[in-house]
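Note that these values count all heavy atoms, side chains included, but never hydrogens, waters or copies made by symmetry. Quick note on labels: first sequence line is chain A, next is B, and so on, each numbered from 1.
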2 protein chains.
Amino acid sequence: MSTAEETTGGEVEPWEEVTPDAARRLLVAAVEAFAERGYHATTTRDIAGRAGMSPAALYIHYKTKEELLHRISRIGHDKALDILRTAARREGSATRRLADAVSSFVRWHAGRRTTARVVQYELDALGPDARAEILALRRQVDAEVRGIIEDGVAAGEFDVLDVHGTTLAVLSLCIDVARWFSVDGPRTPEEVGALYADLVLRMVGAE
Amino acid sequence: MSTAEETTGGEVEPWEEVTPDAARRLLVAAVEAFAERGYHATTTRDIAGRAGMSPAALYIHYKTKEELLHRISRIGHDKALDILRTAARREGSATRRLADAVSSFVRWHAGRRTTARVVQYELDALGPDARAEILALRRQVDAEVRGIIEDGVAAGEFDVLDVHGTTLAVLSLCIDVARWFSVDGPRTPEEVGALYADLVLRMVGAE
DNA sequence: GCCGACGGTGAGCGAGCGCTTAGTGCGGCC
DNA sequence: GGCCGCACTAAGCGCTCGCTCACCGTCGGC
């Protein structure tokens with residue numbers, strides 16, 4: 001509940017903005033391969049094979065293997081930022097908005113774990129320009145969370161000693177979900193989202 | 001304070017258990033290279049070059065590139081587990097022991113970030129047998145933290161709804177320090193350790 | 001019914017990979 | 001002082017990588 005659209009446990013691919021169809025199939029294949037084996041260990045032959053195409057077909061739609069990673073990273077960060085902004089801009093107390101932001105952000109990192117893994121852990125494989133672009137998006141992500149925490153402190157809802165440090169810890173906690181979450185594990189993305197929202201409210205001294 | 005020995009901000013290498021000297025130099029070079037570029041993107045020529053040797057020298061001391069990663073991972077996990085055990089076995093309340101465990105564990109992940117990065121993020125590059133061995137160590141790490149939290153709950157010091165979930169979150173928070181911590185950043189490992197100890201005590205409802 | 005555009009293929013290039021092997025220089029022991 | 005053992009090197013093998021190129025089938029417009 002909240003970001004609406006897809007809060008599914010399994011991973012339905014919302015890459016509908018990527019066209020044509022062949023380019024999208026290649027991109028989805030690349031997300032899976034990068035998430036499973038890492039960018040450097042993934043071969044262009046593997047990506048093309050997963051998409052049911054010959055190795056050469058990849059280069060009709062993408063200039064290089066790195067361009068694939070860049071596109072994935074850009075779209076993923078846009079989506080993550082969108083989720084946080086939606087929660088941050090909603091009506092309600094800072095407590096409610098923070099719980100909302102954390103639970104939807106965590107649900108995304110758990111439910112769409114393959115995408116989140118690539119987005120969060122393969123940043124170093126990008127070249128300097130692409131990396132700089134993505135880092136700018138990350139600063140916006142940080143600013144959204146920090147904004148809610150500052151609101152809560154100003155309203156007297158939160159008791160926080162170090163706003164920047166706490167923001168960092170909250171985001172770190174959410175992001176790392178992509179590393180350990182498993183669909184075979186005992187928890188659903190919704191359960192982890194609820195647990196984490198509670199833990200984060202404790203961290204900021206809410207209630 | 002607490003784990004004593006090396007709480008240095010910079011990274012003094014305590015690989016003195018690795019002998020002879022040439023093998024240690026290669027291993028230290030491998031840690032740096034793996035941390036900077038990842039296991040798959042690192043070449044054996046790069047490792048040997050950093051150690052001031054020819055590419056072939058590596059194979060006198062290690063059978064394969066993977067054996068290097070395995071040795072690093074094993075030693076690193078042993079050290080991390082040792083740090084947690086030392087804190088967990090100390091005299092004092094669960095609150096004190098948890099704060100101690102988190103702050104020393106975090107100090108290690110921040111101060112020895114290059115090692116921690118390899119240890120925590122390159123696990124998937126190991127073969128099945130080596131990975132199984134390392135995963136067993138991770139379960140012991142988990143058990144140490146869970147033990148302290150259970151003690152605190154039993155003693156009425158902590159207020160925790162989901163012990164397993166909270167243990168997971170606490171460890172996740174600490175481990176992810178290796179991803180974002182930078183020696184050029186505004187915080188020392190000691191400061192992050194103190195901040196995180198406070199945040200974790202809040203998460204378990206201490207005080 | 002032919003034709004050009006275009007998404008796609010098969011084969012393969014040059015480079016760099018992990019790893020091997022034949023040989024070299026040097027320190028320690030009789 | 002001669003020789004053995006061994007840590008180390010120069011060269012290179014076989015392979016796979018990212019990427020390219022000459023070619024091909026299909027499909028809409030006239």
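Annotation: cation-pi pair A/K65/A/Y39 present, NZ/CZ under 6.0 Å from the ring centroid and within 45° of its normal.
Comparing C/dC17, D/dG18, C/dG8 by their nearest atom to the side chain of A/H61 picks out C/dG8. Here C/dT20 is the nucleotide among C/dT20, C/dG8, C/dG18 with the atom lying nearest to any side-chain atom of B/A56. The B/Y59 side chain lies nearest to C/dT20 when the options are C/dT20, D/dT9, C/dG8. Listed nucleotides: C/dG18, D/dC8, C/dT9. Nearest to the side chain of B/T44: C/dG18. Of the candidates D/dA7, D/dC19, C/dT9, the closest approach to any side-chain atom of B/I60 belongs to D/dA7.
Between B/D142 and B/R138, none of the side-chain N atoms (NZ, or NE/NH1/NH2) sits under 4.0 Å from a carboxylate O, so this pair counts as no salt bridge. Contact check on A/E17 versus A/R71 returns no salt bridge, with no Lys/Arg side-chain nitrogen under 4.0 Å from an Asp/Glu carboxylate oxygen.
The side chain of A/H40 places no N or O atom within less than 4.0 Å of a non-bridging phosphate oxygen (OP1 or OP2) of D/dC17.
The distance from atom NZ of B/K65 to atom C1' of C/dG16 is 12 Å, rounded to the nearest whole Å. Rounded to whole angstrom, the span from the CG atom of B/L58 across to the P atom of D/dA7 amounts to 15 Å. Rounding to whole angstrom units, CG of residue B/L68 and C1' of C/dC17 are separated by 16 Å. Here C/dG7 presents its P atom at 15 Å from CZ of A/R24, a figure rounded to the nearest Å. Between the OH atom of B/Y62 and the P atom of C/dT20 there is a distance of 17 Å, given to the nearest Å. One can place CG of A/D46 at 15 Å from P of D/dC19, the figure rounded to the nearest angstrom. In this structure, A/R37 places its CZ atom 13 Å from P of D/dT16, rounding to the nearest Å. Going from atom NZ of A/K63 over to atom P of D/dC19 covers 11 Å, rounded to whole Å.
Residue-to-nucleotide contacts include no donor-acceptor pair under 3.5 Å from the side chain of B/R45 to the base of C/dG16.
Side-chain polar atoms of B/R117 and B/T114 form no donor-acceptor pair below 3.5 angstrom. Defined by atom type and a distance below 3.5 Å, a donor-acceptor pair is present between the side-chain atoms of B/Q140 and B/R85.
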